[in-house]
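The structure displayed is predicted, hence computed values, not measured ones. Chain naming here is simple, since letters A, B, ... match the order of the sequence lines and numbering starts at 1 in each. Worth knowing before you read on, the calculation uses all heavy atoms, side chains too, and leaves out hydrogens, waters and symmetry mates.
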2 protein chains.
Amino acid sequence: MTFDNPIIKEILEKYKQIWALRHASALMDWDVQTYMPQKGISHRGAAIAQLSLLGQKFMTDPSFIALVEKADGMELNDQERGVVRVLKRDIKYYTKIPPKLLEELTVATQEGTVAWREARAKSNFSLFKPHLERIVELTRQVAEKLGYEGHPYNALLDLYEEGFTVSDADVVFSRLVPSLRRILDKQRMPSHSALEDVKYDTSSMEAMLRNVLEVMGYDFNRFRMDISPHPFTIGLGPNDVRITVRYEGYDFKRALFSAIHEGGHALYELQIDESLAMTPIFDGASMGIHESQSRFWENIVGRSKSFVEAMYPIMRRYLDFLGSYSVDDVYAYFNTVKPSLIRVDADELTYNMHIAVRYELEKLLVTGEIKVGDLPELWNRKMEEYLGVKPSNDAEGVLQDIHWSQGSIGYFPTYTLGNLVAAMVGHFAGKLMNEVSELKFDGLKAWLREKIHRYGATYDPKTLLRRSFGESYNPDYLINYLSRKYE
Amino acid sequence: MTFDNPIIKEILEKYKQIWALRHASALMDWDVQTYMPQKGISHRGAAIAQLSLLGQKFMTDPSFIALVEKADGMELNDQERGVVRVLKRDIKYYTKIPPKLLEELTVATQEGTVAWREARAKSNFSLFKPHLERIVELTRQVAEKLGYEGHPYNALLDLYEEGFTVSDADVVFSRLVPSLRRILDKQRMPSHSALEDVKYDTSSMEAMLRNVLEVMGYDFNRFRMDISPHPFTIGLGPNDVRITVRYEGYDFKRALFSAIHEGGHALYELQIDESLAMTPIFDGASMGIHESQSRFWENIVGRSKSFVEAMYPIMRRYLDFLGSYSVDDVYAYFNTVKPSLIRVDADELTYNMHIAVRYELEKLLVTGEIKVGDLPELWNRKMEEYLGVKPSNDAEGVLQDIHWSQGSIGYFPTYTLGNLVAAMVGHFAGKLMNEVSELKFDGLKAWLREKIHRYGATYDPKTLLRRSFGESYNPDYLINYLSRKYE
């Protein structure tokens with residue numbers, strides 16, 4: 001039995017209401033981004049807000065908190081301890097941060113997001129500056145309320161990656177940055193491919209993606225793929241996980257890798273033990289671990305020579321223009337390297353440099369060592385230092401990402417953790433990686449289930465990694481992988 | 001101001017939670033029937049049940065009930081009175097019927113629906129009989145708990161059509177049945193059209209439906225059309241109303257009229273005053289009034305000569321095969337008349353005979369004057385008496401409809417009320433009906449909004465009809481309409 005303790009059972013029975021509210025909210029979000037008639041947003045927002053308030057009310061109900069505290073002192077199995085751990089994090093968030101502060105943050109980020117859009121469109125940081133100042137100030141208050149040891153940024157990092165600290169991040173980036181620069185200097189991949197400009201037919205492309213996902217073993221009775229402006233994955237339960245993609249009509253790798261990337265997120269959700277369904281631990285272990293699953297399939301598998309060779313005949317079936325390009329051409333196209341200004345367009349080699357820039361600036365912002373007004377110049381200077389490219393305006397510099405306008409300060413590092421853990425996964429998968437060349441994925445998937453997926457959020461990310469791989473966030477695997485591939 | 005009274009405002013503020021839960025449940029239902037991966041139902045059912053329980057809990061919260069009772073004694077405007085009226089109905093349902101009885105009914109109908117499917121597939125009533133006996137027995141208990149004046153069936157009719165009674169229904173059917181027989185005997189429409197067998201291409205058909213709906217003024221920023229096994233309409237708010245259709249690949253009028261029918265339901269929802277949004281009266285006045293809006297557009301408008309003539313060029317643009325058929329052929333195809341065994345396939349002339357059969361049997365079942373075991377034979381006898389056709393087995397007889405297995409006893413008469421009120425609408429619309437021949441619908445829509453739509457459930461259906469037309473369920477308009485069209 002997964003859940004034996006009677007107090008835990010009582011907690012989980014009560015939690016079902018919260019789960020149902022979250023399930024409904026997730027579906028409402030999915031619908032907003034896929035099929036909702038445009039004007040439907042007028043009342044959808046109100047419905048989502050009401051359900052969120054209700055969930056918060058149930059989560060902070062004194063009798064519920066008392067149960068969680070009671071369970072916390074008992075002898076529990078791993079799953080039960082996981083339930084208590086995750087609930088305590090949620091309860092802490094809603095009880096330590098005063099409702100008024102949360103509300104102010106909601107208003108500030110809503111207004112901030114609107115201001116950011118305009119600022120980016122006009123490439124004018126000053127339009128966003130007062131909003132970001134307010135958001136940073138409120139976020140610092142959040143960190144104080146949550147409490148932390150050492151650096152205040154630790155409180156924020158922990159929101160997205162439980163237990164991950166500035167000390168951990170400093171180790172990661174201080175190892176990564178010089179290594180990436182070394183590899184970047186030596187690597188000889190082309191910086192451009194003619195395939196980037198080739199147009200494709202959307203319906204052929206969609207058929208190709210479905211075929212690729214089928215070959216990779218996705219069961220469309222438990223999974224679906226739709227279209228949205230920003231690709232995402234959403235898990236609605238053990239048998240209902242959905243991804244979205246976007247068809248731009250040219251540069252087909254963008255659609256392909258977004259499908260494989262989101263597919264990696266989806267596989268994680270699809271392989272969590274069903275016995276954890278409707279509990280707080282039916283979830284990924286952290287943002288970084290979740291991202292590792294998408295990056296593993298996108299980069300380590302999807303951009304590998306053996307995957308490209310094996311998938312080439314399938315892709316050619318749908319994309320006539322591939323007749324003029326060899327497997328090697330496609331491999332090169334999938335792996336062009338070019339230091340550039342925009343994070344979301346970065347290749348796997350330069351990507352983490354973009355994160356390093358953001359990490360360093362966020363850390364200084366949170367302590368007040370730098371001011372919001374310093375950001376544009378510092379951003380540009382760091383970009384030049386790390387990648388040798390300098391934004392000519394704020395839109396392609398400090399204003400490019402939506403995250404800060406939404407109050408997501410402390411989130412960026414999880415992208416690098418995703419890459420880092422993806423490389424660990426690739427390393428420890430060992431010989432199973434050879435099966436990719438035969439388009440056999442069952443062994444790899446079963447191994448991933450056993451090492452990571454099945455536990456959901458039973459363990460915090462560091463514990464999960466140590467249990468499965470004997471160590472946690474070790475950047476050497478990523479460095480070795482990139483070095484082998486590019487040097 | 002629509003809502004001034006401070007107690008009403010307090011009620012509506014609290015009601016927003018219930019509204020949000022209903023909004024979410026409606027979206028979950030829509031998703032089940034359209035896009036949800038098949039296996040997702042494993043947990044979707046649990047989420048819907050949790051949200052329904054929560055809504056019920058809020059609705060029967062003593063402090064909420066006290067507010068509604070307090071408001072009930074106050075001087076209120078029409079909208080405010082409507083809010084109290086509708087809430088009192090909901091509260092009555094959940095407080096008068098013991099939770100245990102509701103739960104038994106839920107179980108009985110869930111099992112009954114499964115049994116009904118098998119019974120219908122095998123055309124074996126005895127498989128369904130014990131389930132239906134249980135459902136009828138529990139439904140009789142529901143009627144007793146709800147209370148009624150006169151006939152126990154009144155309690156059930158009132159659930160679907162507020163204030164509609166056996167006396168009303170007897171007047172309607174005793175006028176309708178002999179008139180319909182007279183018209184049936186005299187009418188000269190063909191019983192079959194070659195167009196019934198003509199196949200169509202689904203994507204051309206979909207494009208045609210979208211064009212027809214656009215011409216009829218549907219704004220796809222507030223409205224959408226999807227596919228589901230059973231066409232339906234769902235309103236998610238003033239700016240988000242959705243219909244579904246089904247493409248069988250032949251006999252195109254079935255898809256066309258299901259789009260126009262559901263479009264009629266949708267127009268009602270789209271034209272309720274936005275100031276009533278998120279309140280209990282943002283809803284149709286009753287099942288019968290809602291059905292009148294779908295039937296009006298489907299039958300009175302959609303099957304009229306002027307509509308067919310005006311839409312013919314548009315339809316031809318999408319359906320090449322129409323080149324071989326004249327406007328008159330299409331009009332005849334849309335209006336074939338043939339007494340048949342299956343209600344859902346019935347034409348507008350014979351349709352109400354099917355309902356009369358069900359009404360008479362339900363009325364007798366509820367009092368115990370007949371037993372469930374008597375149904376198959378009585379069904380067949382009535383069918384022969386009213387329509388001159390006799391089912392050769394139970395699948396095409398007493399087992400054809402899902403309604404009883406779901407506990408919907410008292411629902412069928414609202415279909416006839418829909419036809420009856422549709423004919424009233426057609427009559428009172430007067431000269432506005434002439435604009436159909438020019439494919440102008442704005443005047444008709446504005447008139448419908450003023451006469452019916454804008455009020456939502458502000459008034460009970462009889463009051464609404466009397467306010468707008470000076471009388472309530474008068475069958476003469478339907479008889480006159482059918483007589484003029486078919487005699």
Name the region of [X], side chain, backbone, both or neither, that has any atom closer than 4.5 Å to a heavy atom of chain A.
{"X": "B:Ala46", "result": "both"}
{"X": "B:Asn221", "result": "both"}
{"X": "B:Arg242", "result": "side chain"}

Look at atom NZ of B:Lys39 and say whether more than 12 heavy atoms of other residues, nucleotides or ligands are closer to it than 6.0 Å. no

One pair to check against salt bridge (charged side-chain N to carboxylate O under 4.0 Å, His left out): B:Glu206 and B:Arg210. What are the steps and the verdict? CA-CA 6 Å; B:Glu206 188 189 325; B:Arg210 289 188 189 280; 2.9 Å; yes

Does one side chain, of [X] or [Y], offer a donor that lies under 3.5 Å from an acceptor on the other?
{"X": "B:His453", "Y": "B:Glu269", "answer": "no"}
{"X": "B:Glu262", "Y": "B:Thr233", "answer": "yes"}
{"X": "B:Asp273", "Y": "B:Ser275", "answer": "no"}

Option among B:Ile8, B:Asp61, B:Ile7 that satisfies the side-chain contact (heavy atoms from CB on, under 4.5 Å) test with B:Leu67: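 Option passing the side-chain contact (heavy atoms from CB on, under 4.5 Å) with B:Leu67: B:Ile7.
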
Specify which of [options] makes the most heavy-atom pairs with chain A at under 4.5 Å.
{"options": "B:His23, B:Arg224, B:Gln17", "value": "B:Arg224"}
{"options": "B:Leu27, B:Ile48, B:Asp240", "value": "B:Leu27"}
{"options": "B:Thr34, B:Asp31, B:Asp219, B:Leu236", "value": "B:Asp31"}

Out of [options], return the one with the most heavy atom pairs under 4.5 angstrom to chain B.
{"options": "A:Ala24, A:Pro238, A:Ser42", "value": "A:Pro238"}
{"options": "A:Phe220, A:Trp19, A:Trp30", "value": "A:Trp19"}
{"options": "A:Arg22, A:Gln38, A:Arg222, A:Gln50", "value": "A:Gln50"}

Report yes if the distance between the aromatic ring centroids of B:Tyr35 and A:Tyr35 is under 6.0 Å, otherwise no.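 Yes, they do, as the ring centres are separated by less than 6.0 Å.
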
Using non-hydrogen atoms only, which part of A:Ile41 is less than 4.5 Å away from chain B: side chain, backbone, both, or neither?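 For A:Ile41, no heavy atom lies under 4.5 Å from chain B.
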
Proximity breakdown for A:His43 and chain B, heavy-atom pairs closer than 4.5 Å: both

A:Glu450/A:Arg454 ion pair, N-O < 4.0 Å: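 Yes, charged N to carboxylate O under 4.0 Å.
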
